[in-house]
S.K.: 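Input: one structure, supplied below.
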Amino acid sequence: MLLTFTADYVFPVSSPPIYKGVVIAEADGKIVDVLHPEKFSNENFSEDVKHHNHRGILCPGFINAHCHLELSHLKGKFEEGKSLPEFIGKMIKGREAENQVIMDAMITAEDTMLANGIVGVGDICNTTDSVPVKKKKRLRYHNFIELFDITPDQAEKEFEKGIALTEKFSGAGSTSLTPHAPYTVSAELLKKIYEYAYVRDSVLSIHNQETQSENEMFEKRSGSLFEKLSSFGTLYQNWKPTGFRSLASTLSHLPKCNKTLLVHNTYSTEEDINWAHLYSAVIYWCFCPNANLFIENKLPDFQIFIDHGSKILIGTDSYASNYFLSVLEELKTISKHDSKIKLETLLQWATLNGAEFFRWDKELGSFEKGKIPGIILISDVNTEKLRFTETSRAKRLL
Ligand SMILES: [Zn+2]
């Protein structure tokens with residue numbers, strides 16, 4: 001039996017939006033066709049037409065490109081609006097909890113993501129905590145096994161730890177080894193990650209320019225981030241600044257031909273974007289605006305990324321720095337801050353761009369024949385101006 005869905009607008013994402021379009025799918029969610037209303041004949045598909053005409057739009061399932069499922073138990077634990085250095089200090093001391101607490105929180109977080117129309121997740125992993133949840137395959141996961149160690153002679157040990165962790169993720173989604181952030185990895189560790197990623201053509205991710213003092217640290221060996229990191233002991237005693245911004249200092253140690261996801265980019269400038277695009281043609285930029293507001297009360301300058309033709313993805317980050325695990329809530333924040341960005345563009349960031357980055361675009365990311373992308377209804381949209389409203393909400397129909 002075929003199922004048909006219609007709403008005020010259908011956004012296939014791979015093609016322009018269709019006013020009162022119709023999506024036809026098999027019961028398992030496989031897209032059979034997307035039609036303009038005049039081409040749709042009720043006679044052929046009379047059995048089960050689902051109308052969602054109440055200021056609603058239909059779009060494919062969302063890709064949450066940056067999450068830390070294993071930190072879900074930290075919901076409501078940290079104060080907002082402090083700064084990244086403060087946040088890091090709290091995270092180091094505060095992430096421990098009982099196994100059952102961690103497990104229950106991850107299951108609830110996954111339930112929430114499913115309810116919010118998310119179908120795939122790029123998830124940062126420092127532990128094996130999330131493996132049992134992911135093995136149930138309710139969502140598609142790419143696991144970024146995250147490495148960090150600043151001491152050059154510990155690089156081999158940290159790398160081996162990462163390999164061992166990767167093996168534990170068998171059956172829980174795809175994996176790759178990835179660096180945490182410019183300020184927590186040594187050149188030696190980056191070299192190992194480079195070689196491992198290069199031969200496997202694996203995707204990479206790194207937290208980027210989430211605080212202004214990250215740049216100051218690399219340029220001058222000063223600033224609040226450097227001070228915070230130095231306060232934990234002697235680790236940063238021999239750390240040398242490069243004299244360049246943090247992105248240039250780090251990206252040059254990563255392979256040009258591997259897709260690389262730069263996450264946050266709150267303090268990235270036009271110069272940084274130009275530099276990154278000249279360095280590699282497969283740079284992707286992930287925005288997690290609600291986490292940026294939570295941690296630093298600052299948002300990236302979205303327009304400069306658009307002006308430079310950047311490929312943009314959307315992440316929720318973790319419950320440690322967000323009240324929601326909802327891609328739509330991130331889009332609403334961006335739209336509120338920058339009303340010039342079209343709904344169509346926002347939806348592409350949240351669906352097809354992520355599916356392409358993770359190589360899930362044969363099945364996910366757009367309403368195209370043969371894909372199984374999920375069918376999401378976003379209701380309470382301003383369908384005259386094609387903008388989200390404060391009360392816009394997502395629901396998975398199939
Ligand atoms: Zn993160």
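Numbering of ligands and ligand atoms starts at 1, following listing order.
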S.K.: N/O/S atom of Cys67 under 2.8 Å from the Zn ion (ligand 1), yes or no?
M.R.: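 Given the 2.8 Å cut-off, Cys67 does not count as a ligand of the Zn ion (ligand 1).
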S.K.: Look at the rings of Phe302 and Phe287 and say which category their plane angle falls in: under 30° parallel, 30 to 60° tilted, over 60° perpendicular.
M.R.: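 Aromatic pair Phe302/Phe287 classed perpendicular.
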S.K.: Parallel under 30°, tilted from 30 to 60°, perpendicular over 60°: which one fits the rings of His207 and His66?
M.R.: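 Geometry flag for His66 against His207: perpendicular rings.
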S.K.: Could you grab the angle centred on the Zn ion (ligand 1), going from NE2 in His68 to NE2 in His66, to 10°?
M.R.: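 About 100° at the Zn ion (ligand 1).
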S.K.: Does His264 put an N, O or S atom under 2.8 Å from the Zn ion (ligand 1)?
M.R.: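 Under 2.8 Å: His264 has no N, O or S contact with the Zn ion (ligand 1).
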S.K.: Using ring-ring contact (aromatic ring centres under 6.0 Å, His included) as the criterion, point out the one residue from Tyr183, Phe226, Trp239 that pairs with Phe218.
M.R.: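 Exactly one candidate clears the test, Trp239.
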S.K.: The Zn ion (ligand 1) is nearest to which N, O or S atom of His207?
M.R.: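 Within His207, restricted to N, O or S, the Zn ion (ligand 1) is closest to atom NE2.
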S.K.: Of all N, O or S atoms in Asp317, identify the one at the shortest distance from the Zn ion (ligand 1).
M.R.: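 Looking only at N, O and S atoms of Asp317, the one nearest the Zn ion (ligand 1) is named OD1.
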S.K.: Please work out which of the three classes, parallel, tilted or perpendicular, describes the rings of Trp360 and Phe358, given edges at 30° and 60°.
M.R.: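 Correct class here is parallel.
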S.K.: Quick one: CG on Leu313 to OH on Tyr284, what's the gap to the nearest 0.5 Å?
M.R.: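 Answer for the CG-OH pair, Leu313 versus Tyr284, is 8.0 Å.
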